[in-house]
Amino acid sequence: MPGMRIQDLLLHGRTRALISPESIEELRATGQFESMSIKADEAEHSIEMHLPYVRRIFTGYLQDIKIIPIVVGAISKEVEASFGALLAPYLDREDTFCVVSSDFCHWGTRFSYTYYYPQPSPSETPAIKLSRSTAPTSAHPIHQSIRQLDHEAMDLLTLPPHSAGAAHEAFAAYLAKTKNTICGRHPIGVLLGAMTALENTKTIQPTVKWVSYASAWIQF
């Protein structure tokens, strides 16, 4: 859990505290959470991308909302499921919604990731790793390969037709196969774990759909 004051990130210190101390203490009491150091907090940038939108959406109602900031590290699928089950009761509350931060593929030598499909889907041609000695084919531009790679994950995460539990299993297998550099893969896994817990305990059928897809392509 970040240790910096969320209100400072939201309104440059010009508002009341927006953290929910009661809920944070409830989570800390489980023994499964710890506070981030200031150094780690300053290097983290995902929540800062969302807070201006939170501020805008709740203009005039900031005194009525509380935030529980949680940063998810590199954890296994089993631990994702465990944290998901722990957080499921919060997700189930009508007065609570969950914001998960993630980009999808970070592609290029800068990220040590050049996974590439030589042929567009459907194709049985296996993926390869591009390098200065291995060029892309004329049949499939790199940006289209990246789009195909991301949409594979998006299709697996779409609910229905999948259940949350099946999506979690399939998404973990996809990541193991492709190593796609989806930075929020573990928060997504925790969310899937929470939805799976609600599927199993309350027979809730969650829905996940995509509003749009966009990418920025820079030649490497």
In this structure, is the centre-to-centre distance between the rings of His106 and Tyr113 below 6.0 Å?
no
Of the non-hydrogen atoms in [X] and [Y], which two are nearest, and what is the gap between them?
| X | Y | value |
| --- | --- | --- |
| Ala167 | Leu156 | CB-O, 3.4 Å |
| Ala194 | Ala88 | O-CB, 3.7 Å |
| Ala127 | Pro118 | CA-CD, 4.2 Å |
| Thr114 | Thr109 | CG2-N, 4.2 Å |
| Ser102 | Gly184 | OG-N, 3.0 Å |
| Ile182 | Tyr174 | CD1-CE2, 4.2 Å |

Any side-chain donor-acceptor pair under 3.5 Å between [X] and [Y]?
| X | Y | value |
| --- | --- | --- |
| Thr158 | Trp210 | yes |
| Thr137 | Tyr116 | yes |
| Asn180 | Tyr115 | no |

Between [Y] and [X], is there a side-chain heavy-atom distance shorter than 4.5 Å?
| X | Y | answer |
| --- | --- | --- |
| Ile75 | Val190 | yes |
| Pro69 | Ile24 | yes |
| Gln32 | Leu27 | no |
| Leu192 | Glu80 | no |
| Leu159 | Thr207 | no |

Can you tell me how far the [atom1] atom of [X] sits from the [atom2] atom of [Y], to the nearest 0.5 Å?
| X | Y | atom1 | atom2 | result |
| --- | --- | --- | --- | --- |
| Gln205 | Leu198 | CD | CG | 12.5 Å |
| Met195 | Cys98 | CE | SG | 9.0 Å |
| Ile204 | Leu91 | CD1 | CG | 8.0 Å |
| Trp107 | Asp150 | CH2 | CG | 12.5 Å |
| Asp92 | Leu87 | CG | CG | 12.5 Å |
| His168 | Glu78 | NE2 | CD | 8.0 Å |

Charged N-O contact under 4.0 Å between Arg28 and Glu25
yes
So that I can tick it off, tell me whether Glu169 and Lys77 are bridged by a salt bridge, with the cut-off set at under 4.0 angstrom between side-chain N and carboxylate O.
yes
Please evaluate residues Gln144 and Tyr117 with respect to the criterion side chain to side chain contact (heavy atoms under 4.5 Å, CB included), reporting the C-alpha separation (whole Å), side-chain torsions for both, the decisive distance (0.1 Å), and the verdict.
CA-CA 9 Å; Gln144 291 183 7; Tyr117 290 119; over 6 Å; no
Examine distances only and state if a side-chain atom of [X] and a backbone atom of [Y] form a donor-acceptor pair shorter than 3.5 Å.
| X | Y | result |
| --- | --- | --- |
| Ser121 | Ser123 | no |
| Arg93 | Tyr90 | no |
| Lys179 | Ala176 | yes |
| Glu199 | Ala164 | yes |
| His186 | Val72 | no |

Sequence neighbours left out, what passes side-chain hydrogen bond (donor to acceptor under 3.5 Å, both in side chains) with Ser82? Give chain and number order.
none
Does the plane of the ring in Phe83 sit parallel, tilted or perpendicular to the ring in Phe33? Use 30° and 60° as the thresholds.
perpendicular
Evaluate Thr181 against Cys183 for side chain to side chain contact (heavy atoms under 4.5 Å, CB included), listing each step before the verdict.
CA-CA 6 Å; Thr181 50; Cys183 60; over 6 Å; no
Would you check, one step at a time, whether the test side chain to side chain contact (heavy atoms under 4.5 Å, CB included) holds for Gln148 with His140?
CA-CA 10 Å; Gln148 178 179 327; His140 207 201; 3.0 Å; yes
Please test His151 against Arg147 for side chain to side chain contact (heavy atoms under 4.5 Å, CB included), starting from the C-alpha separation and ending with a verdict.
CA-CA 6 Å; His151 274 76; Arg147 184 182 183 91; 3.6 Å; yes
State which residues pass salt bridge (charged side-chain N to carboxylate O under 4.0 Å, His left out) with Glu26; sequence neighbours excluded, sorted by chain then number.
none
If two hydrophobic side chains count as joined below 4.5 Å and joins carry through other members, does Leu157 share a cluster with Tyr213?
yes
